[in-house]
Undergrad: 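Have a look at this one.
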Amino acid sequence: MESLNDLRKQRIDKLGRIRDLNLEPFAYAYEQTHFAADIVAAFTGEEQESVSVAGRLMTVRRMGKASFAHLMDRSGRIQLYIKQDHIGERSYDLFKLLDIGDIVGVTGTVFKTRTGETTVLAESLTLLAKNLRPLPIVKEKIEDDEKVIFDQFADKEMRYRQRYVDLIVNPDVRDVFIKRSRIVSEIRRYLEGRGYLEVETPALQPIYGGALARPFVTHHNALDMQLFLRIADELYLKRLIVGGLDGVFEIAKDFRNEGMDRDHNPEFTMLELYVAYQDYTFMMDLVEDMVGRLCTDVLGSHTLPFHGRTIDFRSPWKRIGYMDAVSEAVGEEVHDRDEAEIRNVAKKAGIDVGDLSGRGALLDAIFSARVEPDLWNPTFITDFPIELSPLAKKHRSRPGLTERFEAFVAGMELCNSFSELNDPVDQRERFEAQTRLKEAGDEEAMVLDDDYLRAMEYGMPPTAGLGIGIDRLVMLLTDSPSIRDVILFPTMRPEQ
RNA sequence: GAGGGUGUAGCUCAGCUGGUAGAGCAACGGCCUUUUAAGCCGUGGGUCCUGGGUUCGAGCCCCAGCACCCUCACCA
């Protein structure tokens, strides 16, 4: 009788047998004096050091009255050697009742086995938490300095739904999320070090804005009103620029009610930064410098592997104008062409323009199909058409364009930035153009935000703004193929 | 949203042309005081994703559904 239920019953039965030994299977605390990896790194083979380690049993090899096991803590693994004549009969009886997955504390002395593995010779063994549900058994060995893994826990659905199991048995997964955490704290440190203020703005908004996207809608009972989950922080952060905070950033979840794929999750983390008295060229330099800093400080290199190739994050990144990139891709100048001419160019290039209308949308179709996929090493695409950029300032010298750039890496958009539009009259006209698109059925068009315009009418300094998708940045820096590999609990349909 | 794929023991996977459901690891019992993917001997373990259908008989064929994965479309 050993279905999952029976395996659980066996282990629940062990709880009683452990209590029969006068031991409690769920402890309150345990004093750790060392972490596994530190012991392994520091031990020379001489000293008779006593250590207390705590963690999860990952392997057990029993040989009658003596056994070896591996314990895993936050730092890594260390081998345990448990001998009945060392820890006593009662503790060894306890050990015989333990399973892979149990959490234990062990005090003992460090030594090296005959085969040279640094090991803790146990003097005492404490059960800290009994496992009742069998863990996937992943085995590994080192062959020709390569780690070979057997029976890896690989089912993506189970890995995402039960991330706790994934984290226990797949050390690479754990490494990715540790790196993610370091990347975010390094960004904070970088920005705080330059005097920018971290702020928090509403996630529940009566009017959504700051990006072109469909929102999630919710309802507030007490106010009996519709609220939207933010699709961007942008308009609130720029209100703070009006308010004189001059340099503000926010690292927060945005929510967009759209499709999901390798690089889209409905909730995702965005860094937005606004700096008064600067323009988009300042922001380009900042992005290049900050990402470069992350490469060296977190990953230890400016050239990183990604999808079997290498990404070179060294400065300076390539910079190319949007219209130049499109012209080059189709082998034809598109700068001064009107909508009909650009439609023809797109068709000639074999791009399905379907029912697209508007010069900007057509250019974007060409850009997405012919330019974006080929941008492997970090590249700034600059000076986007005004139709695509309702919150960006008109280019100071090139009509029809805005002072805006996006950085692309490995065919993926990494960030979006512009010299912020600070002319309230111009901004009102752009909003009105968006309203016309919305009335024509564009569900992603922006909604006019009167309070934002009111704020801008009080006077907004020239400002550079930036948004970086943190999830995508982490994907690039950790060679992760899917956004779900860098989000601890990606959005899933519920089970059953 | 479209197309393709996958779903069998706790985990990783076999399962032929439709004929009583298999392996390794894990578990359980026995032996074993320097092992390491996996010592030796033995035992048990299944909603074959779900619901219909065809058939004497379905893990396998048909229909519908669910979940996940991949590609494409939209989007950051």
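These numbers were taken from a predicted model, which means no experiment stands behind them. Just so it is clear: chains get the letters A, B, ... in the order the sequence lines come, proteins before strands, and each one is counted from 1. The figures here come from the full heavy-atom set of this structure, side chains too, leaving out hydrogens, waters and symmetry mates.
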Undergrad: Answer with yes or no whether A:Arg61 presents, from its side chain, a donor or acceptor under 3.5 Å of a partner atom in the base of B:U35.
TA: yes
Undergrad: If you pin A:Gly116 and A:Gly259 to their nearest nucleotides in RNA chain B, which one's is more 5'?
TA: A:Gly116
Undergrad: Roughly, in whole Å, what's the span from NZ in A:Lys65 to P in B:G30?
TA: 12 Å
Undergrad: Distance check: side-chain N/O of A:Arg493 vs OP1/OP2 of B:C68, anything under 4.0 Å?
TA: yes
Undergrad: Does A:Arg163 pair with A:Asp166 as a salt bridge, N-O distance under 4.0 Å?
TA: yes
Undergrad: Distance check, C1' atoms only: B:G7 and B:C49, in whole angstrom units.
TA: 6 Å
Undergrad: Applying the Watson-Crick and G-U wobble criteria at under 3.5 Å, what pairs with B:C13? Answer none if nothing qualifies.
TA: B:G22
Undergrad: Mind checking if A:Lys156 touches a base, just sugar-phosphate, or nothing, with heavy atoms under 4.0 Å?
TA: sugar-phosphate
Undergrad: Could you check how far CD of A:Gln162 sits from P of B:G10, rounded to whole Å?
TA: 13 Å
Undergrad: If we only count heavy atoms from C-beta on, is the A:Phe249 to A:Ile187 side-chain gap below 4.5 Å?
TA: no
Undergrad: Only one of A:Leu57, A:Thr59, A:Thr119 clears side chain to side chain contact (heavy atoms under 4.5 Å, CB included) with A:His70; which?
TA: A:Thr59
Undergrad: Take atom P in B:A73 and the same atom in B:G3, then report the distance between them in whole Å.
TA: 16 Å
Undergrad: Send over the distance from A:Glu146 CD to B:A37 C1', rounded to a whole Å.
TA: 16 Å
Undergrad: So, is A:Arg77 close to the B:U36 phosphate, meaning a side-chain N or O under 4.0 Å from OP1 or OP2?
TA: no
Undergrad: What's the CZ-C1' distance between A:Phe153 and B:U12, to the nearest Å?
TA: 11 Å
Undergrad: Does the structure place the NZ or CZ of A:Arg404 under 6.0 Å from the centre of the six-membered ring of A:Phe384, at an angle of no more than 45° from the ring's axis?
TA: yes
Undergrad: Is there a Watson-Crick or G-U wobble partner for B:A73 with both distances under 3.5 Å, and which nucleotide is it?
TA: none
Undergrad: Determine which nucleotide pairs with B:U33, using a 3.5 Å limit on both distances of a Watson-Crick or G-U wobble pair.
TA: none
Undergrad: Please measure how far the C1' atom in B:C61 lies from the corresponding atom in B:A23, and state the result in whole Å.
TA: 27 Å
Undergrad: Kindly give the heavy-atom pair with the smallest separation between A:Val176 and A:Asp485, and that separation in Å.
TA: CG1-O, 3.6 Å
Undergrad: Under a 3.5 Å cut-off for both contacts, is B:U6 paired Watson-Crick or G-U wobble with anything, and if yes, with which nucleotide?
TA: B:A67
Undergrad: Taking the side chain of A:Arg262 as heavy atoms from C-beta outward, which of B:U71, B:C28, B:A73 is closest to it?
TA: B:U71
Undergrad: Students often get this wrong, so: under 4.0 angstrom with heavy atoms, is A:Phe268 touching a base, only sugar-phosphate, or nothing?
TA: base
Undergrad: For A:Asp85, report the nucleic acid contact type (base, sugar-phosphate, nothing); a contact means any heavy atom under 4.0 Å.
TA: base
Undergrad: Any base atoms under 4.0 Å from A:Arg161, or only sugar-phosphate, or nothing? Heavy atoms, all strands.
TA: sugar-phosphate
Undergrad: Heavy atoms, side chains only, cut-off 4.5 Å: are A:Leu204 and A:Leu229 in contact?
TA: yes
Undergrad: Which one is paired to B:G44, where only Watson-Crick or G-U wobble pairs with both distances under 3.5 angstrom count?
TA: none
Undergrad: Between B:G51 and B:C56, how far apart are the C1' atoms? Round to whole Å, please.
TA: 23 Å
Undergrad: Considering every strand and a 4.0 Å limit on heavy-atom distances, what is the contact class for A:Leu135: base, sugar-phosphate, or nothing?
TA: nothing
Undergrad: With a 4.0 Å limit, can you tell me whether A:Lys147 has a side-chain N or O closer than that to the phosphate oxygens OP1/OP2 of B:A37?
TA: no
Undergrad: Can you tell me which nucleotide in B:C69, B:G10, B:A37 comes closest to the side chain of A:Phe150?
TA: B:A37
Undergrad: Within this structure, what is the CG-to-P distance between A:Asn5 and B:G10, rounded to whole angstrom?
TA: 10 Å
Undergrad: When rounded to the nearest Å, what value does the distance between C1' atoms of B:G10 and B:G65 take?
TA: 28 Å
Undergrad: Quantified in whole Å, what is the C1' atom distance between nucleotide B:U17 and nucleotide B:G59?
TA: 15 Å
Undergrad: Measure from the side-chain heavy atoms of A:Thr115 and tell me the nearest of B:G24, B:U35, B:A67.
TA: B:U35
Undergrad: Expressed as a whole number of angstroms, how long is the span from A:Ile82:CD1 to B:U36:P?
TA: 17 Å
Undergrad: So, is A:Arg114 close to the B:U36 phosphate, meaning a side-chain N or O under 4.0 Å from OP1 or OP2?
TA: no
Undergrad: How far, in whole Å, is B:A64 from B:G46 if one measures between their C1' atoms?
TA: 25 Å
Undergrad: From CG of A:Leu7 over to C1' of B:G46, roughly how many Å is that when rounded to an integer?
TA: 12 Å
Undergrad: For the P atoms, the ones on B:G44 and on B:G22, what distance do you get once it is rounded to whole angstrom?
TA: 13 Å
Undergrad: Any non-hydrogen side-chain atom of A:Met260 less than 4.5 Å from a side-chain atom of A:Ile483?
TA: no
Undergrad: For A:Lys14 and for A:Phe111, locate the closest nucleotide of RNA chain B by heavy-atom distance; then report the residue assigned to the nucleotide nearer the 5' terminus.
TA: A:Lys14
Undergrad: Looking at the side chain of A:Lys141, which of B:C11, B:A73, B:A37 is the nearest nucleotide?
TA: B:A37
Undergrad: Kindly indicate whether the side chain of A:Asp261 and the base of B:C74 share any N or O donor-acceptor pair separated by less than 3.5 Å?
TA: yes
Undergrad: Does A:Lys112 make a side-chain N or O approach to OP1 or OP2 of B:U34 shorter than 4.0 Å?
TA: no
Undergrad: Across the strands shown, which category fits A:Asp13 at heavy-atom distances under 4.0 angstrom: base, sugar-phosphate, nothing?
TA: nothing
Undergrad: If you measure from the Lys or Arg side-chain nitrogens to the Asp or Glu carboxylate oxygens, is any gap between A:Arg17 and A:Asp20 under 4.0 Å?
TA: no
Undergrad: Without decimals, in angstroms, what is the distance between A:Leu97 CG and B:A27 C1'?
TA: 14 Å
Undergrad: Looking only at the side chain of A:Leu4 (C-beta and beyond, no hydrogens), which of the listed nucleotides B:U33, B:C68, B:G10 gets closest?
TA: B:G10
Undergrad: What nucleotide among B:C25, B:C74, B:A27 has an atom nearest to a side-chain atom of A:Ile137?
TA: B:C25
Undergrad: Less than 4.5 Å apart, any side-chain heavy atom of A:Asp471 and any of A:Asn265?
TA: no
